[in-house]
Amino acid sequence: MASTSIRKLSALAARLCLLTFLGMVIAQFFLDFSYWWAWIPLGLWVLIGFGINRSTARAESEGANGPAVEPVLTAAPVTGRWKAQNSPADKVPSHGTRAYGQAYAIDIVAEPASGARPGFGWWPLARRGADFPAFGAPLLAVADATVVHADDRQRDHLSRTSWLALVYFLVVEAVVRSLGGARRIIGNHVILDLGGGTYALYAHVRRGSLTVRTGDRVRAGQPIGQCGNSGNSTEPHVHFQLMDGPDPDAADGLPFTWQGVGVPANGEIFEVAAAPVTDSDGVVSGPA
């Protein structure tokens with residue numbers, strides 16, 4: 001509990017430092033003081049973030065009671081043909097940070113066929129979500145679980161798949177979103193309690209698409225929502241991760257492996273066949 005509280009307080013302190021830096025930058029246009037003072041909160045923001053990453057890495061590598069945790073086996077959160085990006089098969093932390101429990105997170109984009117997904121370039125500056133095959137794709141429960149959090153009220157924004165849009169995303173949008181904490185980073189999301197201290201988080205969910213609410217029980221393979229482009233996302237994709245707690249601000253990431261797939265590496269194409277779903281009354285739906 002103490003380490004969890006410290007992690008949450010550290011995350012809050014980091015956001016306050018960044019907010020102070022931005023406030024001092026703006027204040028320089030109206031007040032007479034040296035701009036060098038603004039580097040102090042910026043430096044503290046970097047140091048706090050580094051400290052959170054380092055302490056979390058130590059906890060993950062050593063484990064609470066000895067050896068590191070073995071990967072948790074689950075079903076895949078999608079069906080069809082997909083491509084992996086930012087995979088923990090290539091590096092940990094997969095996204096360059098352990099914040100928000102995403103040390104072992106993975107991003108996947110739909111690739112139903114070669115060339116079906118729009119490319120990256122100079123023009124157009126941005127695209128609609130519907131231009132990407134991942135947008136609206138069903139998200140499936142990876143195990144029998146209980147929904148502990150469900151939020152799909154944030155809007156789906158345009159893609160950031162041009163050079164100019166990417167610069168805006170990195171320099172402006174990502175920084176501003178970080179001030180809003182985990183919710184603004186992960187966007188619309190759903191968190192499932194898989195039991196045994198393991199929680200699955202699906203991020204960047206499509207606005208208004210969730211079919212489950214907090215407290216609902218779900219079965220493995222059951223549709224729970226749709227892929228979207230909310231939060232800190234450059235294009236519609238599925239961000240999936242396992243955590244050791246229900247609060248992304250306080251949780252550590254857990255390694256996973258998908259049944260029949262494993263952990264796809266960056267750039268790897270994989271396919272997942274649809275499986276039948278049995279509800280609580282024993283009724284089977286989907287392919288037989």
Side-chain angles (χ1 to χ4, degrees), residues 75-87 94-95 100 102 105-142 147 149-166 168-170 173-174 177 182-192 200-213 218 221-241 258 261 264 266-274 286:
V78 295
T79 59
R81 188 174 186 266
W82 293 75
K83 180 180 181 179
Q85 297 179 335
N86 297 320
S87 170
S94 57
H95 286 57
Y100 311 125
Q102 59 184 337
I106 191 170
D107 293 331
I108 55 175
V109 293
E111 291 274 10
S114 297
R117 177 169 148 256
F120 185 91
W122 288 104
W123 193 261
L125 293 178
R127 296 179 184 270
R128 300 174 305 161
D131 291 341
F132 295 82
F135 191 76
L139 301 175
L140 310 177
V142 295
V147 179
H149 190 77
D151 179 3
D152 63 355
R153 295 170 293 172
Q154 300 180 59
R155 69 180 181 88
D156 294 283
H157 54 72
L158 296 175
S159 71
R160 309 294 188 241
T161 49
S162 69
W163 289 108
L164 291 178
L166 183 62
Y168 163 77
F169 173 80
L170 295 174
E173 186 175 359
R177 285 187 183 280
R183 182 174 180 270
R184 293 302 179 185
I185 295 293
I186 62 182
N188 298 325
H189 60 284
V190 59
I191 300 175
L192 305 181
L201 181 148
Y202 304 66
H204 314 308
V205 174
R206 184 179 183 180
R207 184 178 189 177
S209 71
L210 289 178
T211 58
V212 296
R213 290 293 178 259
V218 296
Q222 176 181 331
I224 58 176
Q226 297 177 8
C227 174
N229 197 39
S230 57
N232 213 48
S233 170
T234 56
E235 69 172 271
H237 71 283
V238 177
H239 173 109
F240 174 84
Q241 66 189 51
W258 289 332
V261 176
N266 287 346
E268 181 179 342
I269 301 289
F270 65 95
E271 292 192 48
V272 183

- Query: Which heavy atom of S87 sits nearest a heavy atom of P264, and at what distance?
  - Reply: OG-O, 2.5 Å
- Q85 CD to I106 CD1 distance, which is reported to the nearest 0.5 Å: 9.5 Å
- Do F120 and T234 have side-chain heavy atoms sitting under 4.5 Å apart? no
- Query: Hey, which of H204, R160, R127, R117 is the one that makes side chain to side chain donor-acceptor pair (under 3.5 Å) with E235?
  - Reply: R117
- Query: Does the pair D156 and F135 meet the rule for a side-chain contact (heavy atoms from CB on, under 4.5 Å), with working shown?
  - Reply: CA-CA 10 Å; D156 294 283; F135 191 76; 4.0 Å; yes
- Do the side chains of Q154 and D151 get nearer than 4.5 Å, heavy atoms only? yes
- Task: Locate the shortest heavy-atom distance separating W82 from V109; write the atom from each residue and the value.
- Result: CE3-C, 3.2 Å
- Note: V272 and V261 closest approach over all heavy atoms is CG2-CG2, 3.9 Å
- Message: Within this structure, what is the CG-CD1 distance for the pair N86 and I108, rounded to the nearest 0.5 Å?
- Response: 12.0 Å
- Side-chain donor or acceptor of S94 paired with backbone N/O of A105 under 3.5 Å: yes
- Rounding to 0.5 Å, atoms NE2 (H189) and OG (S230) come to a distance of 9.5 Å
- Query: Are the side chains of V147 and L192 in touch, meaning some heavy atoms are under 4.5 Å apart?
  - Reply: yes
- Which atom pair, heavy atoms only, marks the closest approach of L125 to W123? CG-CZ3, 3.6 Å
- Task: Could you tell me whether R213 and D152 make a salt bridge, using a distance below 4.0 angstrom between a side-chain N and a carboxylate O?
- Result: yes
- Between the CD1 atom in I191 and the CD1 atom in I186, the distance rounded to the nearest 0.5 Å is 6.0 Å
- Do D107 and H95 have a side chain donor and acceptor closer than 3.5 Å? yes
- Are there more than 12 heavy atoms of other residues, nucleotides or ligands under 6.0 Å from atom CZ of R128? no
- Item | Shortest non-hydrogen separation from Y202 to A141 and the atoms involved | OH-CA, 3.4 Å
- Message: Quick one, V142 and P77 - any side-chain contact, counting heavy atoms below 4.5 Å?
- Response: yes
- Message: Keeping R81 on the side-chain end and E111 on the backbone end, is there a donor-acceptor pair under 3.5 Å?
- Response: yes
- Message: Does any part of the side chain of N232, heavy atoms only, come nearer than 4.5 Å to the side chain of F169, both counted from C-beta?
- Response: yes
- Note on the structure: CD of Q102 to NE2 of H239, rounded to nearest 0.5 Å, is 5.0 Å
- Item | Side-chain heavy-atom pair V78, F240 within 4.5 angstrom cut-off | no
- Task: Answer whether the closest heavy-atom distance between the side chains of V212 and Q222 falls below 4.5 Å.
- Result: yes
- Item | Heavy-atom pair of closest approach, residues R207 and R153 | NE-O, 3.2 Å
- Do the side chains of L201 and Y100 get nearer than 4.5 Å, heavy atoms only? no
